[in-house]
Amino acid sequence: MAFTKFLRDLSKDSLPEVGGKGANLAEMYNIGLPVPNAFIVTVNAYKYFIEKIQLKIAIFDILKNTDVNDSDQLQENTAKIREMLIQTKIPDKIQKEIIQSYRKLSKEFKKKEEWVVARSSATAEDLPGASFAGQQLTVLNIKGEKDVVDAVKRCWASLFTARATFYRESKGFDHLKVLIAVPVQKQLASEKAGVGFTIHPSTGKKDQIVIEGSWGQGEMIVSGAVTPDKYIIDKRTGTVIEKKINKKTEMRILDTKRGGLIPKKVPKSKQKQQCLTEDELYQLYELALKLEEHYRQPQDFEWAIEKDKVYLVQTRPVTVVYEEKEGEDVATEKRPILIGIPASPGVASGIVKIIKNPSELNKISKGDVLVTKMTNPDYVPGMKRAAAIITDEGGQTSHAAIVSRELGVPCIVGTKEATKKLKEGNHVTIDGDDGFVYLGKFKAKEVKKTKYKFVKTKTKIYMNLGEPDLAQKYKDIKCDGIGLFRAEFMAAEVGDHPKALIEEGGGEQFVKKFVHGIRKVAKTFYPRPVVYRALDFKTNEYANLRGGKKFEPHENNPMIGWRGASRYLTEPDVFKLELYAIKKVREEGYDNLWLMIPFVRTTWELKTIKKIIEEVGLHQDKKFKLWIMVEVPSSAILIEEFIKDIDGVSIGSNDLTQLVLGVDRDSAILGKRWFHELDPAVLWCIERVVKTCKKSGVTASICGQAPSFYPELTKKLVEWGINSISVNPDVVDKTRHIVADCEKGLKR
Ligand code: PEP
Ligand code: MG
């Protein structure tokens with residue numbers, strides 16, 4: 001008969017031995033969920049304790065003479081029982097086993113004595129239809145053999161609080177048949193913690209996940225002492241559809257001297273700050289899905305984050321639908337009329353102008369809100385005048401999202417129904433941080449911009465740019481160069497399809513306009529490198545240029561069609577126009593201009609393209625570097641082959657994610673849950689590329705959106721040895737800081 005057992009030796013079927021909470025912990029632990037390890041003092045120990053020393057009879061006698069409806073009597077008699085249990089020594093046999101297991105657990109964490117938490121786990125607890133939640137004791141943050149043994153006894157005694165006794169009686173449970181086990185679990189020193197529900201707990205909506213979180217240990221939330229931030233997540237897509245950021249003034253942290261918790265004021269700067277990062281929310285969302293999938297019924301769980309790692313500390317079935325508590329100091333005072341994917345931050349108000357095609361762009365006056373199905377490069381002149389942009393379609397890497405970020409215009413994409421729901425002339429306010437659209441004019445919430453001091457980094461921090469006119473705006477940004485200069489914006493500005501121009505003898509005009517745009521960027525950032533990325537329009541986008549329909553076939557899947565490198569082989573005359581422009585700008589003295597080839601699928605494509613580049617008189621050397629984008633999985637798989645011919649690679653994580661996971665990056669249906677750049681398969685490719693390049697001395701860079709959104713990826717990239725990271729203008733300084741911190745840790 002074991003008095004203690006470790007989680008690995010138990011499962012959900014162990015309820016009679018370790019109670020509801022214990023069995024749940026074991027089940028979560030053994031299906032690979034991130035649960036801190038524990039041993040459980042089984043019900044056998046409790047049974048032995050109360051039977052061996054005849055406590056059972058004494059308890060029975062007291063309860064027999066107690067009227068549970070007489071609350072004074074109930075209080076008095078249950079206190080007597082608890083005191084009796086506390087005063088009784090635990091038999092040596094049990095004590096010895098508890099101490100041995102405690103030593104073993106501490107050793108797993110490389111400690112002689114680890115901080116632990118003792119929980120109560122009754123055999124009639126967390127059962128479908130009866131939630132005994134919170135009725136028995138939890139002893140937080142204890143250390144040392146004596147304290148652990150004492151805590152176990154206090155948990156046992158808590159089976160006889162007045163409340164628990166009354167509840168058992170009212171539910172018809174026999175007091176002496178309800179047994180108790182005590183999980184003794186590693187105590188987390190949580191920076192943030194909270195609860196989660198795999199359905200909406202107040203409306204019962206099954207397609208929503210609700211996460212509540214605050215700073216410090218989770219007890220403040222569980223006890224209702226703090227109004228946490230609340231996030232509602234769409235279960236299907238993983239998109240956060242509602243956020244309430246509350247003022248969180250109090251927190252509890254571990255007292256590492258005396259044990260237990262100590263109350264603390266949350267620093268002012270963090271009180272109104274959103275406590276969970278986008279990635280943490282996503283991890284909690286994934287864990288919620290796993291829990292519900294595994295238990296096949298809605299779960300109510302507790303989580304904690306320690307040193308950036310998300311842990312689950314408890315789960316139980318949702319047994320009741322709770323009343324929603326109204327939070328104080330709520331950031332979103334009104335219900336949004338439309339929700340989409342936040343694509344470019346900031347708040348702006350204006351009059352809605354619905355644009356069906358680019359010929360209607362003259363409707364947009366300065367300060368209007370441009371509403372359309374999806375933008376393309378022809379929309380850029382109108383986008384520049386807009387106060388905000390809202391689209392029906394698209395994800396975070398769609399055209400509208402990318403351009404808006406560059407323009408610094410708030411934008412929401414993937415709303416599905418903006419063009420239907422919003423009416424021309426409506427006054428709306430859009431919140432590009434949250435993805436909400438409100439009817440009416442709102443006061444912009446105060447956004448405090450963190451000012452970062454310049455710090456030197458070994459890893460270069462480049463900036464992404466598409467619009468040459470914006471070079472001036474960003475000239476003072478402390479970036480080490482332009483890591484992705486997208487050519488599509490210039491082509492949209494030219495307006496004519498290049499093939500049409502060539503046919504009409506206007507190729508030179510194209511080159512001239514490109515020289516003008518490229519020069520602006522190369523000159524502004526000279527002598528810092530500018531990596532010009534050759535045209536990567538898809539056929540549907542080319543078709544939108546004037547005269548384009550004649551030259552562009554209809555493709556069912558343009559995203560994986562005739563684009564990138566394949567076009568330069570089949571239409572070298574158009575590619576050469578770009579090369580002539582590069583050559584001209586370089587000859588003017590801007591030898592900081594390099595070339596990058598997008599969407600390379602095979603090594604033979606690359607070899608042929610290199611010949612075309614040579615033909616034009618551009619010779620790859622120390623001053624003229626040739627890069628390719630790694631964005632088709634084939635180039636990550638055969639990276640060793642590809643890098644034989646080039647000076648550097650830049651990872652296009654937008655396309656790479658799309659192609660590794662087989663998810664259309666612009667799909668408004670498959671949201672973040674599917675298009676997730678931190679998916680292990682995508683990370684596997686990125687790590688492989690960076691490490692292989694490092695080994696071969698070839699420059700490795702990244703220019704997709706991922707590091708702009710996920711600082712945690714930035715840290716990984718630096719650890720793997722990336723040479724440069726190219727991000728959106730608004731996060732250049734922040735990225736530099738993240739990189740500097742990480743490099744410090746690596747002592748590179
Ligand atoms: C990418 O695919 O990550 C990338 C930077 O290129 P684009 O978004 O222009 O396809
Ligand atoms: Mg790409």
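One-based numbering, in listed order, for ligands and for the atoms of each. Side chains included, hydrogens not; waters and symmetry mates left out as well; all remaining heavy atoms used.
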query = So is Arg563 in contact with ligand 1, going by heavy-atom distances below 4.0 Å?
reply = yes
task = Run the numbers for me: atoms of ligand 1, each under 4.0 Å from some heavy atom of Asp655, listed by number.
result = 1 (C), 2 (O), 3 (O), 10 (O)
query = So, Glu631 and the Mg ion (ligand 2): N/O/S under 2.8 Å, yes or no?
reply = yes
query = Among Arg688, Lys695, Lys691, which residue meets the salt bridge (charged side-chain N to carboxylate O under 4.0 Å, His left out) test with Glu640?
reply = Arg688
message = Below 4.0 Å, non-hydrogen atoms only: which portion of Leu484 touches ligand 1? Side chain, backbone, both or neither.
response = side chain
inquiry  = Give me the atom names and distance for the closest heavy-atom approach of Ser398 to Val413.
reply    = OG-CG1, 4.0 Å
request  = Over all heavy atoms of both residues, which pair between Ile613 and Leu579 is shortest? Give the atoms and the distance, please.
outcome  = CA-CD1, 3.9 Å
query = Aromatic ring centroids of His676 and Tyr710 under 6.0 Å?
reply = yes
note = min-distance protein heavy atom vs atom 6 (O) of ligand 1 -> Arg533 NH1, 3.2 Å
query = What heavy-atom pair brings Lys243 and Phe436 nearest, and what distance separates the two atoms?
reply = N-CZ, 3.6 Å
inquiry  = Students should be able to answer this: which protein heavy-atom is nearest to atom 8 (O) of ligand 1, and at what distance?
reply    = Arg665 NH2, 2.7 Å
task = With heavy atoms of Glu631 as the reference, note each atom of ligand 1 found under 4.0 Å away.
result = 1 (C), 2 (O), 4 (C), 6 (O)
task = Please find the N/O/S atom of Asp655 nearest to the Mg ion (ligand 2) and write down its name.
result = OD2
task = Answer with yes or no whether Gln658 contacts ligand 1, where contact means a heavy atom under 4.0 Å from a ligand atom.
result = no
note = For Arg533 and Pro598 the tightest heavy-atom approach is CD-CB, 3.4 Å
message = Using heavy atoms and a 4.0 Å limit, tell me yes or no: is Met629 in contact with ligand 1?
response = yes
request  = Identify the heavy atoms of Ala487 and Glu578 that sit nearest to each other, and give their distance.
outcome  = CB-OE1, 4.0 Å
query = Short list, please: which atoms of ligand 1 are under 4.0 Å from a heavy atom of Gly652?
reply = 1 (C), 2 (O), 3 (O)
inquiry  = Under 6.0 Å between ring centres: does that hold for Tyr542 and His497?
reply    = yes
